[in-house]
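Data block below; observations after.
In the text below, chain A, chain B and the rest are named by the order of the sequence lines, each starting its count at 1.
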Amino acid sequence: MITQLGKSGKIEEAVKLFSLMTIKNTVTYNSMISTINKNGKINDARRLFDNLTHRSLVSWNTMIAGYSHCDRVDEAYRLFVEMPKRDKFSWTLMMTCFARNGELEKARELFDLFLDRRDVAFWNVMVQGYGQKGRFAEAKKLFDELPLRNVISWNSMLSCYTRNGEMHLGREFFAGMAMRDVVSWNLMKIPYPNVVSGVTMLCGLARSGKILEARRLFDQMENNNVVSWNAMISAYLKDYQIEEAARLFREMPNRDSVSWITMIDGYVHVGQLGKAREILNQMPYKNIAAQTAILSGYIKNKIMDEACQFFNEIAGRDIACWNTMIAGYAQMGRMDKALDLFKEMEDKDLVTWNTMIIGYAKTGEMDKAVKIIEEMKIKNVVSWNSLISGFLHNGLSMDALNSFKVMACEGIIPDHSTLACGLSACANLAALQVGKQVHVKVLKSGHLNDLFVGNALITMYAKCGRIFSSRLIFDDLEEVDVISWNSLIAGYACNGYGKEAVQLFEQMVLKGVRPDHITFVGVLSGCSHIGLIDQGLKLFKNMSEIYSIEPSVEHYACVVDMLGRVGMLYEAFEVARGLKVREDARIWGALLAACKTHGNLKLGKIAAKQLSEFEPDETSSFVLLSNMQAEACSWDEVENTRL
DNA sequence: TATGCGTAGT
């Protein structure tokens, strides 16, 4: 009964029933632990588990499954080690837990250890694990080695392809399944065509934008169930075909909670909160996930009063619901409100703590973010990434780098995003040696072809003056994007290779990559450094005329600098004076510097005067001006300026 | 083994 209630989402009733029961055996406890786990209250489940004097193998396995489900690998593993006896299920559970968290090598270790006793489930877990990490070639190798495949093996392999966007291979594999294995399906008494593989394929098609093909498949499938209906509805929603989705939703024979939530979220996603609430009101059992979807709708639309009121009205809020509300306040910079909720919350998970770090990082209160991470008993890579990127965004690159080191000391494996942040910190500090050490970590980690990491490497080497290393990184990347080009162009520019910057810009355009405003800052500054006036002015003109990019202050500053450097001071002055954008200190600063180089006192005075209006406290412009005056031997004016 | 949503970092 408890299990039944748990399955239909009536957790509170299950808890009530459990507390009313006078005689409870281990099986009762196990059902309750499993039910609570599925509801995400792992700590409550653990308390029950700890109170249980006669634990069975199932109790241990259930608890490990619970930890696995919320990605608490260490705790799962501790139980796995502690448990008095293990069965095959314990091993597969632990492998799944490792695989889910990307710790494939550890999963593989268990797989290899179990050698002669492993059955098809072991292989399937590994195939799935490799598939989730995009390592479908390794998955296929295992799949081919599998002595006896069941339908799960086939479907797991199929989803390796579809989840990784390998639709050519996926189609081929799907077709192959249909061709050769009808006999074995029959032997295994599995209905064919199998609806699970159909849905796997359908979702793959939808993800790659092939909605029509997905729909054809859906129409061909004779054994559509609620899952395939849900998948089709979701495909339409993601393709913004809301009406078609709504039509299917109305027509479908049965709906489950996923159907309702999918539809609600579909409306939330396009900002139709009213429609979303309408659907919620029609829902027979309003579960928390559905209400949380609406809550996040209010938050996304920054309707915080409504969000708060709605949140307070939700009965039986779970951790995710609290986290959504806290994150909402954090996004709005209302850390006071976020902290109130944080204190009020009984069961916090990693996401809760991480959200607080991110919130404080956003408001620039890094001391508070540090305090939070210090209080955390369990931290994961996201906790550290949040802190490190917080330091980075607040201009504290040294602190970012230190945290990067502390994290490594605590034995947390950096992911692609940690590495990218570490490299950015090195770039900002021009710390070449540390940068190289991080590069070694990148090589060891297998994140070399990650775009964020690759782009960060390009910038790091460029800012450390090693532009040829940047170039090598760029050339070795399997795939580049506009940011990679921008990083390399800006790198050449700031190292004084203006011509190469322009050439790269041309190559980029030839390859069909559309330049953005940052590309132009890079290439224009490259032109200005080496006095490529005509080239630079042409690019500046093309920027708005061909690429429809409105020039910003940065671009104007480049042009003023460019003209100023070669002594075209009046032209530079005209540009500065006729700005379409809000005038900016950087522009007049560039002009003043140019006037200093070319000894034009008259314009220099005007520039300094303009500059003083933007930055009255900044004295460097006056120092520059007075030096100019000194060079021009107008000592009286020097006295005036210095006073 | 398939579907949804929400919370976390580049």
Quick one: label [X] by what it contacts on the DNA or RNA (base, sugar-phosphate, nothing), any heavy atom closer than 4.0 Å.
{"X": "A:His393", "value": "sugar-phosphate"}
{"X": "A:Ala293", "value": "nothing"}
{"X": "A:Lys238", "value": "sugar-phosphate"}
{"X": "A:Ala289", "value": "base"}
{"X": "A:Ser159", "value": "nothing"}

Without swapping roles, check the side chain of A:Asn164 against the backbone of A:Glu166 for a donor-acceptor pair under 3.5 Å. no

Is the backbone of A:Ser296 close enough, under 3.5 Å, to the side chain of A:Thr324 for a donor and an acceptor to pair up by distance?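 No: the side chain of A:Thr324 does not pair with the backbone of A:Ser296.
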
A quick test of your reading: do over 12 heavy atoms of other residues, nucleotides or ligands sit less than 6.0 Å from NZ of A:Lys88? yes

My understanding is that only residues two or more places apart in sequence, or in another chain, count here; which of them pass side-chain contact (heavy atoms from CB on, under 4.5 Å) with A:Lys441? A:Phe404, A:Ala408, A:Leu419

Within residues 245-269 of chain A, which residues have any heavy atom lying less than 4.0 Å from an atom of DNA chain B?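 Going residue by residue through residues 245-269 of chain A, the ones with a heavy atom under 4.0 Å of DNA chain B turn out to be A:Val258, A:Ile261, A:Thr262, A:Asp265.
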
Within residues 199-207 of chain A: residues closer than 4.0 Å to DNA chain B (heavy atoms):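 Within residues 199-207 of chain A, the residues near DNA chain B are A:Val199, A:Thr200, A:Cys203.
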
Report yes or no: is there a donor-acceptor pair, N or O only, under 3.5 Å between the side chain of A:Asn323 and the base of B:dA8?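 Absent.
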
